[in-house]
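Residue numbers start at 1 and run along the sequence shown.
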Amino acid sequence: MSKFVPSLQSLVGAEQLSVWETVAPALKAQLSQAIAPGSIPECIVEPDSPAQLAAVVKALHAQKGRSLPFGAGTKLHWGGVSDSIQVGISTARMSQLIDHAAGDLTVTAQAGMRLSDLQAHLAQQNQFLPLNPSYSDAATLGGIIATADSGSLRHRYGGVRDLLIGVTFVRADGEIARAGGRVVKNVAGYDLMKLFTGSWGTLGILTEVTFRVYPLPEASKTLVLTGEREAIARVAQALLSSALAPVAVELVAPATMQHLGHTGLGLVVQFQGLAVSLDAQAAQLRQFAQAAGLVESTYTDSAEASLWQKLQDLWEAIAPDPYLTCKIGVLPNQAAATLAKIADQFPSLTSGTIHAGSGLGLLRFADPPSTGHLLDLRRLCEAQGGFFSLLAAPVDLKQQIDGWGYPGNALGLMRGIKQQFDPDRLLSPGRFVGGI
């Protein structure tokens, strides 16, 4: 007997609610990566407005119904495994552009809008949102914020939290709340934008978001440097210490470089801006590379776009099961050495990149290492002042070890925040650090 379907059917149209048996197989497969085995949702509901979403959440709150919010579902296989989910809530129908203040360089859209659709609109005004996350063709703005998935452009423009200036969201009790605003210099209220970034849907469900945007660059150029680990590390540090202003600086594992047609550990550096400036900056980086004995290749125009697309495709390609994707963080000055060591110790590493400026990176293994080896990898990252977290992995592996492995002292504070926002643990329970 359905507990929640009757009340939800009275709030949304027939085409907006699917009982579990009628959910598309592809979405079922995605949801199965985020939900504990045996915990089958009654239905998936797709509100088409913030008011309708608020009504759905309020009805679930009254019955203590646990829900799993998501957008397009592209990253449901990332993060922790939720328990006892009764309803899935998709924001994909809430995909409207609300306001584009081109003169103020801000844009407001509903959280279910796809990033690719937003970029297409911004391009008409010669602007863009400097995010290049995984699954960027289908990923929604709300999902990108929930997972804090910035991409390589974070080196120049900062992460999601640095670009987000306003949010509207539905609380766990169904009330609508707002923070920030639609102008860059806004100091009204609490800075919930940073709190919601990377919260994995555990604090509320985003409905509208406002970002700062930037003019599209006039020109772009990417240099690929390959060679010995020590030389790559020296050039990376020289670049980061110089007056050069790249938009992306990626350390790339040998296995990934092989897919790009190169050999050895790689340093992929992208410059964007005025053409004359790019030429000067590229020339300076070539001097660094030549002094260190590195091999250099330059990419522009369609060849450059193809290079970055190949890097993206390596992450987004459907891999045979089992496979594993991890997020790591290390001290930036240890990034090259750590990536090289991981590549040496784990032959099943198929893709590996670290943002040289931040020390944050992604690893993908074709065959998951043993539990013991994963814990060794976590200790390696922690010894470098960083962390190791599972993003995508078989559900049984996520249930065997702590996927987040958070060793810090803020867990109590995070649990307290969850208690304030969602005391009954109704939103995405178990998806975040410490089972939050």
Going by atom type alone, with no hydrogens or angles, which donor-acceptor pairs under 3.5 Å involve a side-chain atom of residues 91-99 and a protein atom two or more places apart or on another chain?
from, atom 1, to, atom 2, distance (Å)
R93, NE, E46, OE1, 3.2
R93, NH2, E15, O, 3.1

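Here ring-ring contact (aromatic ring centres under 6.0 Å, His included) pairs that include residues 280-310, with residues two or more places apart or in two chains, number zero. Sorted by first and then second residue, the side-chain hydrogen bond (donor to acceptor under 3.5 Å, both in side chains) pairs involving residues 243-254 (not counting sequence neighbours) are E250-H355. Among residue pairs with one or both ends in residues 123-132, those qualifying as side-chain hydrogen bond (donor to acceptor under 3.5 Å, both in side chains) are H100-Q127, N132-S152; sequence neighbours excluded.
D83 is linked by a salt bridge (Lys or Arg N to Asp or Glu O under 4.0 Å) to R66, counting only residues two or more places apart in sequence or in another chain. Not a single ring pair (Phe, Tyr, Trp, His ring centres under 6.0 Å) links F421 to another residue, sequence neighbours left out. The salt bridge (Lys or Arg N to Asp or Glu O under 4.0 Å) search around D344 returns none, not counting sequence neighbours. Every side-chain contact (heavy atoms from CB on, under 4.5 Å) that L411 has, sequence neighbours left out, goes to Y406, M414, R415, V433, I436. The side-chain contact (heavy atoms from CB on, under 4.5 Å) test applied to S82 returns L68, I85, P429, R431, not counting sequence neighbours. Take D137 and apply the salt bridge (Lys or Arg N to Asp or Glu O under 4.0 Å) test, not counting sequence neighbours, and it matches no residue. The salt bridge (Lys or Arg N to Asp or Glu O under 4.0 Å) search around K398 returns none, not counting sequence neighbours. For F169, the ring pair (Phe, Tyr, Trp, His ring centres under 6.0 Å) partners at least two apart in sequence or on another chain are F196.
For the residue pair E296/T298, the side-chain donor-acceptor check at 3.5 Å is satisfied. A side-chain N or O of H373 and one of S370 form a donor-acceptor pair less than 3.5 Å apart. Under 3.5 Å, the side chains of S241 and Q237 contain no donor-acceptor pair of N or O atoms.
The minimum heavy-atom distance between I89 and I205, with the atom names listed, is CD1-CD1, 4.1 Å. Summarising the geometry of G273 relative to L278, their closest heavy-atom pair is N-CD2, 3.7 Å, with the distance given to 0.1 Å.
Inter-residue side-chain proximity for M257 and L265 is flagged as unmet; no heavy-atom pair is nearer than 4.5 Å. At a threshold of 4.5 Å between non-hydrogen side-chain atoms, the residues I401 and L390 count as touching. Residues T202 and L427 form no side-chain contact, since every pair of their non-hydrogen atoms from C-beta on lies 4.5 Å or further apart. Side chains of S358 and H155 form no contact here, defined as non-hydrogen atoms less than 4.5 Å apart.
A salt bridge links D191 to K194: one of the charged nitrogens lies within less than 4.0 Å of a carboxylate oxygen. Here D279 pairs with K221 in a salt bridge; the nearest charged N to carboxylate O distance falls below 4.0 Å.
No donor-acceptor distance shorter than 3.5 angstrom exists from the side chain of S150 to the backbone of G159, with no hydrogens or angles considered.
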Worked verdict on L360 versus I328 for side chain to side chain contact (heavy atoms under 4.5 Å, CB included): CA-CA 6 Å; L360 298 175; I328 66 170; over 6 Å; no
Given the rule in the side-chain hydrogen bond (donor to acceptor under 3.5 Å, both in side chains) test, do E304 and Q270 qualify, once you have shown the distances and angles that lead to the verdict? CA-CA 9 Å; E304 181 187 30; Q270 186 176 39; 3.2 Å; yes
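The aromatic ring centres of F346 and F365 sit less than 6.0 Å apart. Between H77 and Y135, the distance separating the two ring centers is shorter than 6.0 angstrom.
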